[in-house]
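One-based numbering along the sequence shown. Each ligand, and each atom within it, is numbered from 1 in the order the structure gives. Keep in mind that the numbers below use all heavy atoms, side chains included, and drop hydrogens, waters and symmetry copies.
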Amino acid sequence: MKKILSFALSCVLSIGVLAACGGQADEEKVTLVMGTSADYPPYEFIDTAVSDEIIGFDIDIANYIADQLGFELEIQDMDFNGLVPALTNNRIDFVLAGMTPTPERLENVDFSDIYYVAEQTIVFNAEKGYTSLEDLEGKKLGVQLGSIQVELANEIAEEIGGIEILERNRITDLIQEIKTGRIDAAIIEDTVGKGHIEANPELTSFVIVEENEAGSAIAFPKGSELKDEFNKVLQEMVDNGEMDRLIMKWFYGEE
Ligand code: ARG
């Protein structure tokens, strides 16, 4: 009994046994577990006014791909910093979390093709009146722990004197602390910052001009066979207009 149970479980948990499970129950779909960090509207977030469900651009992409490939989808929410470890421990099958493929991450995980490219912005209380990075001299600059924004903050701090970098688990913590004044400004992606600024009219932002653009891609455990299958569907979504439709829906508020 135990054996049967653990076999059934392993079908759910591991895509590695996909072939073995397929023969068992033709009707049953294999469940893929996706990791995300649902603090990142419009990529992934919970609109508490509506429900406790995670929604967003990445969620729609994941559902579309799972649907096309015939998988059931389960979503696990965790801190952004825990996503790569969860992949390397094979606790999840893939990550959709607006994650940027960086050389450091590529040492531990594989990435799909880039599906969206955004810009980095400095978000702050409009009263501060910042207009350029120079204005951040001697200021407290917030970033999400484990994100590429940490690196960018370090680069900025090398150029501009006296910046103190504060790392937080959640973007919502950064926004809260900007509002209370504990943090002077935070580095947040344009599309994500935009939503928070709309919800908090006292906040504003400007764009950081960067050489390295920050694209988003899907992450997999190293060597995962899902990567090629997912890339195929991503390309289909670009070709058939589905990707543009989702970009308009989530980033420009048009259905
Ligand atoms: N693109 C940035 C990175 O990869 C930030 C992503 C943060 N995502 C999130 N769901 N909080 O580091």
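Proximity of T102 to ligand 1, defined as any heavy-atom pair under 4.0 Å, is not found for any part of the residue. Counting heavy atoms under 4.0 Å from ligand 1, residue R170 does not touch it at all.
In plain terms, the two heavy atoms of F124 and Y130 that are nearest each other are CZ-O, 3.2 Å. Between S37 and A97 the shortest heavy-atom distance is N-CB, 4.1 Å.
Every atom of ligand 1 with a heavy atom of E189 under 4.0 Å away is listed here by number and element: 1 (N). Short contacts between ligand 1 and R105, defined as distances under 4.0 Å to a heavy atom of the residue, involve ligand atoms 3 (C), 4 (O), 12 (O). Residue contact check: D39 has heavy atoms under 4.0 Å from atoms 9 (C), 10 (N), 11 (N) of ligand 1. Taking every non-hydrogen atom of S147 and a distance limit under 4.0 Å, the qualifying atoms of ligand 1 come out as 12 (O). Remark: ligand 1 atoms within the under-4.0 Å shell around heavy atoms of F80 are 3 (C), 4 (O), 6 (C), 7 (C), 8 (N), 9 (C), 10 (N), 11 (N), 12 (O). Close contacts between ligand 1 and Q144 involve ligand atoms 7 (C), 9 (C), 11 (N) [criterion: under 4.0 Å to a heavy atom].
Taking atom 8 (N) of ligand 1 as the reference point, the nearest protein heavy-atom neighbour is A97 O, 2.9 Å. Nearest protein neighbour of atom 12 (O) of ligand 1, counting heavy atoms only, is I148 N, 2.7 Å.
Cluster membership for V109 and L83, using ILVMFWY side-chain heavy atoms within less than 4.5 angstrom, is shared.
Polar contact with ligand 1: present for G98 (N/O pair, distance under 3.5 Å). Considering backbone and side-chain atoms together, G146 places no N or O closer than 3.5 Å to any N or O of ligand 1.
Under the 30°/60° scheme for interplanar angles, the aromatic rings of F57 and Y116 are found to stand perpendicular.
Partner of P221 under the side chain to side chain contact (heavy atoms under 4.5 Å, CB included) criterion, chosen from L87, L226, N89: L87.
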task = Could you please spell out the steps behind the side chain to side chain donor-acceptor pair (under 3.5 Å) verdict for Y43 and E189?
result = CA-CA 11 Å; Y43 290 84; E189 230 185 81; 2.6 Å; yes
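Under 4.0 Å is where a charged nitrogen must lie from a carboxylate oxygen, and between E242 and R245 at least one such pair does.
Ring-centre distance between F220 and F230: below the 6.0 Å cut-off.
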